[in-house]
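Written below as structure tokens is the structure these notes are about.
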Amino acid sequence: MKKLMLVLAAAALLFSCSKDPKEEVPSGQFDYMGTMEVIYFDVNYPSPETVFTVMYDQEAGKAELLLHQVKFVPMMPVTLDILVPDITAKASDGKVVLTGNEIIPLTYPARIEYDRYMVTDLTGTIDGDKLTLSLKFGDYPTTFEGTLVE
Amino acid sequence: MTFFPGPEVPEKGVYDTLSAASVASSVKFAVRPERLASPSTSAFVYEMEQRGLGSPRDLSAIVPNLHVPDYGSSMTSSVYLRGFGSRIDNPVLGLYIDDIPILDKNNYDFDFLDIRRADLLRGPQGTLFGRNAMTGVLHLATLGPSSFRGGRASLSYGSGRTFTARGSWYGEHVGVAAGYRHTGGFYTNTFDGRACDPSDAASFRLRHKRTLPSGVRMDQNLTVSWLEQGGWPYRQFVDGELLPVDYNDKAAYRRVSVLAGNKLTWERETYTLYSVTSLQGLFDRMDLDQDFTRASMFTLTQRQRQGALTQEVVFKPVSKVSWWDSQSGVFAFVRYNAMHAPVDFKPDGIRTLILDNANAHIPEFFGKLSFEEEHFVIGSDFGLASWNAALYHESYFTFGRWLLTAGLRIDHEGHFMSYDSRSLVHYRLTVMPAYRAYETVYAGDKSNLYFQVLPKISALYDAGDGQVYLTLSKGYKAGGFNTQIFSDLLQNEMMNGMMADMGVHLDGATQSRADNTSYKPETSLNAEIGGRWHHGGFSSQLALFYIACRNQQITVFPPGKSTGRMMANAGRSESYGAEAEVSYVHGGLRLDGAWGSAHAVFKTYSDGHADYAGCRIPYAPEHTLSLRAAYRFTFADGPLRSLTAGVSGSGVGRIWWNEDNSLSQPFYLLAAADLTLSFEDFDLFVVGNNLTDREFDTFYFKSVGHSFFQRGKPRRVEAGLRLTF
């Protein structure tokens with residue numbers, strides 16, 4: 001009997017803990033620093049210390065992604081500030097799930113369209129202080145993993 | 001020219017107690033010129049007027065190793081002495097007028113008006129004269145009530161439709177002088193067929209000297225001058241051919257200068273105290289077609305409003321011992337300059353200097369960059385403040401025939417610059433739907449402080465008919481700010497900013513830094529040995545010198561198709577050479593000769609693109625030469641009292657035009673002559689310069705990738721009348 005009571009008490013404790021809701025990600029602008037990797041002609045080009053900024057509107061369920069001075073491959077003679085707008089951002093269990101397809105990225109701040117680098121198959125999550133992303137810029141698969149910059 | 005008072009040519013009509021007593025004109029010349037352990041060249045009013053020496057640049061070559069080229073405009077005033085010099089900002093030669101230091105080099109080119117005497121001391125004079133007396137100091141003393149009584153007037157007309165009128169009157173306490181000169185010009189701009197270098201200049205001076213009831217002697221000086229001129233007769237050099245002067249935009253210089261000085265002298269039993277105060281104002285405006293071609297590229301309008309206050313106190317105790325004398329002093333100045341210097345970019349300049357450069361680097365995806373404006377202005381406003389405070393002392397020890405001098409100056413100088421440079425353009429790339437406004441602002445401030453310790457020691461042995469001396473000294477030329485480079489800085493910021501506005505950051509793009517706009521003081525250590533000898537009518541002077549220079553300031557043009565000049569500290573350089581002067585006077589005959597040689601090279605200098613170590617320092621001549629023979633015939637009967645005829649030759653060269661020494665001007669000699677008929681109350685005179693009409697280049701530079709030369713002035717003759725009453 002005593003053993004049964006202990007098991008019931010532990011189960012009740014566990015149940016009560018699992019029922020606590022996670023804090024939702026609020027609306028706002030969040031900077032993440034991490035490594036972006038681009039596959040260009042079957043070669044992986046990592047770019048450490050890359051900063052991605054997520055501008056998240058919880059109420060609208062939308063987000064924009066700003067890539068700061070990114071060089072997709074070392075052969076590029078320039079770095080670019082690119083804005084990916086109109087990303088669907090759905091809050092779920094304390095996380096934010098990002099999705100998007102056929103999004104035309106823009107130069108920033110001038111907002112000139114980069115047709116040739118249309119974003120497809122965008123998926124990602126904001127979980128705690130982590131951002132992970134996977135997308136294609138044009139024909140070039142790109143991933144990012146970063147940590148929130150306080 | 002008289003380089004030290006031996007048997008002097010009498011100064012006609014001018015009684016100069018100071019020159020007759022062999023004491024030069026500055027309160028700081030503590031000993032007689034022949035006892036100075038520095039070579040010096042002196043000239044007096046009569047000789048200068050007879051030979052037509054009408055401005056500081058006319059002393060070129062007459063003073064060994066001095067070269068003041070005549071190019072550009074009166075704003076240029078470049079002075080080279082003993083292999084060193086400066087084209088912009090601070091000079092290597094200090095200039096004093098009646099003990100007042102002239103702070104701004106823009107005031108160095110002016111017409112002589114009743115200059116009583118000119119003394120140029122070579123070698124660093126920084127201990128007594130401070131900043132910018134790095135290779136020497138020129139001291140001018142004007143006529144005043146104590147040195148002349150009566151009136152003087154002159155009228156002349158000459159080549160280039162040059163008309164000159166001067167008049168002055170000196171009473172017991174007050175003297176006034178005024179002068180005017182008009183020149184129609186010597187160079188034609190083929191763009192519009194008009195003379196590009198006409199000039200009008202006028203000046204007025206008021207002197208007031210009085211001894212106050214307290215015994216204090218007061219000497220006041222007010223000089224106001226006005227100048228308006230064209231200039232810059234630059235000819236483009238293309239494929240070995242020198243094209244005519246041909247540019248389309250305005251080039252003009254206008255200047256108003258005000259100099260007010262007050263000198264007080266307290267002479268007591270145990271000391272003499274001098275106080276020299278001055279207020280100096282400079283108001284000028286320069287308009288410049290900066291490309292000097294028919295293309296409408298870019299123009300500069302630079303206006304300055306400058307005011308300065310100087311104060312110097314010199315204390316000379318009456319020594320209680322026969323073997324020691326001294327002087328000590330305090331000097332200070334404050335100066336403020338409000339400069340407005342917008343650069344106007346026009347269609348050809350926008351295309352070639354900005355868009356072509358930008359489109360060569362913009363990724364193909366974006367297309368081509370264009371501006372909506374046909375012209376735009378890069379505005380630049382500067383507030384430039386500078387100040388200086390110095391303490392100095394020199395002691396003079398006389399032991400028999402030996403004179404030993406030891407001096408020290410501690411000099412502090414500070415500079416402050418506030419800058420505000422901005423532009424507004426509307427730009428568009430092919431992929432953009434419309435023009436987009438972009439404003440560039442580059443503003444801030446910068447300050448620098450410097451300390452200098454300037455020692456001097458010398459030993460002179462006076463053998464009676466001659467002296468020999470050895471001098472070791474240090475001098476410096478003040479630092480400053482590269483205001484002329486701000487147009488390039490803002491262009492750089494504008495291009496980087498426009499690209500960043502589009503989210504594009506070019507690899508290798510550099511950020512403009514105000515640190516690059518500063519240049520440090522230039523310092524020199526000088527070792528010199530020399531001597532003088534005179535016997536009867538023969539006088540001679542010889543000097544050998546070595547100068548080691550650190551942080552030499554040279555004018556460089558930023559690489560590529562850039563718009564401005566800038567000063568850079570070149571590392572280390574040296575100059576060594578010799579100077580010789582001889583003079584022979586016998587009866588009415590006078591022979592003068594002066595020769596200077598300076599081997600001036602960079603020891604270490606790399607601008608990041610090329611290494612110039614071992615190359616000659618540009619613009620300073622390797623040799624200077626001046627020769628003159630004159631004879632004065634006197635007549636006992638008739639109205640003609642005397643006839644003086646003189647022939648002269650002056651030459652400079654070789655002059656290297658650039659740091660890599662790929663271009664140079666060989667040595668050239670210019671012939672001159674003068675004739676003066678003296679009557680009882682007036683003189684008739686004729687002066688000719690460059691009588692063989694020799695062609696020579698007086699200046700070279702590059703702008704926006706093009707090379708330009710200025711040819712020297714052609715043959716000139718001037719005739720006129722001088723009165724004394």
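Bear in mind the structure is a predicted one, so any value in this text is a computation, not a measurement. Residue numbers begin at 1 in each chain, while the letters A, B, ... track the order of the sequences.
- When the candidates A/D115, A/L106, A/T107 are compared by the number of heavy-atom contacts under 4.5 Å with chain B, A/T107 comes out ahead.
- Note: A/K71 NZ to B/H505 NE2 = 11.0 Å, rounded to the nearest 0.5 Å.
- Atom CZ of B/F371 has more than 12 heavy atoms from other residues, nucleotides or ligands within 6.0 Å.
- Other residues, nucleotides and ligands contribute over 12 non-hydrogen atoms within 6.0 Å of the NE2 atom of B/H340.
- The neighbour count for A/E145 CD, taken as heavy atoms of other residues, nucleotides or ligands under 6.0 Å away, does not exceed 12.
- A 6.0 Å sphere centred on CD of B/E374 holds no more than 12 heavy atoms belonging to other residues, nucleotides or ligands.
- Annotation: maximal heavy-atom pairing with chain A below 4.5 Å, among B/L429, B/D501, B/V431, occurs at B/D501.
- Summarising the local packing, CZ of A/F72 is surrounded by more than 12 heavy atoms from other residues, nucleotides or ligands at distances under 6.0 Å.
- Smallest separation of non-hydrogen atoms from B/A500 and A/P109: O-CD, 3.6 Å.
- In this structure, chain B has heavy atoms under 4.5 Å from both the backbone and the side chain of A/L80.
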